[in-house]
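Presented below is the structure to which this report refers.
Order of appearance sets the numbers: ligands from 1, and atoms from 1 within every ligand.
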Amino acid sequence: MTLERLHKVLSKAGITSRRNAEKLILEGRVKVNNQIITKLGIKVDPCLDEILVENKKISLEKKIYLLLYKPKGYITTLLDKHQRPKVIDLIEGIKERIYPVGRLDFDTSGVLLLTNDGEFSNKLTHPKFKVEKSYLVTFEGYISDQNIKKLRSGVNLEDGLTLPAKIKILQRDKKFTKLLMTLKEGRNRQIKRMGEAINHKVLSLERIAFAGLDLGSLKMGEYRHLTQAEKNRLLGENND
Ligand code: URA
């Protein structure tokens, strides 16, 4: 018998993040063996106890962890009113309900993880974990040293100052500036907005690494399962 904390079981089952799972419990939306639970901290045996969220039995399906080389021209959301191609359509033969970990813009390519593990997704996207993401970016025009400094130290965006970033200049001339940018946050359209803030448009954007995982030998549109060692490293040994 393996007892685990209820909120952890809910997040492992991909219902929601651990924090939200606590909220669900406090709101009385979770039942264990037909009893509403409203206290945090109770332990359950996910194999023996019947756990319901909003009267629906949770399923402890197999956990899937994929790394996709997302091409441009695909959206990371699962629903789109404009009927554009979706990253999920690139994945074949997986019956579990997986979803992207965080997001990449329609016109951004690169590393995108997909999973059905809410806990894993939360660990990689929650701002407090400051997971590193590296991007190859081509900006229009010559970015001055002063503006490079700004990108490094923090740019003022409408949702606040960006965190310090690692910036490496790969190429710079009158027409273009190519940078390798490593950020520890992932706000919506962050690189494009950082560019707009210093008056340099992003011409192309590719995420070449996410949480230490890179594209390796994948071709655009291809994906692979994470190895056990990669999963262990990203999930951590002790998730309490
Ligand atoms: N920054 C952006 O502007 N877009 C992305 O897709 C990722 C980072």
Is the Lys NZ or Arg CZ of Arg84 less than 6.0 Å from the centre of Tyr74's six-membered ring, within 45° of the axis?
no

Looking at Asp159, Val155, Thr162, which hits side chain to side chain contact (heavy atoms under 4.5 Å, CB included) with Arg193?
Asp159

Using a strict 4.0 Å cut-off to heavy atoms of Thr108, name the atoms of ligand 1 that fall inside it.
4 (N), 5 (C), 6 (O)

For atom 1 (N) of ligand 1, closest protein heavy-atom neighbour:
Ile191 N, 3.1 Å

Region of Asp105 engaging ligand 1 - heavy atom pairs below 4.0 Å:
both

Test of understanding: given a 4.0 Å heavy-atom threshold, classify the contact between Leu205 and ligand 1 as side chain, backbone, both, or neither.
side chain

Can you confirm whether or not the ring centre of Tyr69 sits under 6.0 Å from the ring centre of Tyr223?
no

Answer yes or no: does an N/O atom from Arg193 fall short of 3.5 Å to an N/O atom of ligand 1?
no

Gln146 CD: over 12 foreign heavy atoms closer than 6.0 Å
no

State which residue, out of Thr108, Asn188, Thr76, Thr77, fulfils the side chain to side chain donor-acceptor pair (under 3.5 Å) condition with Arg103.
Asn188

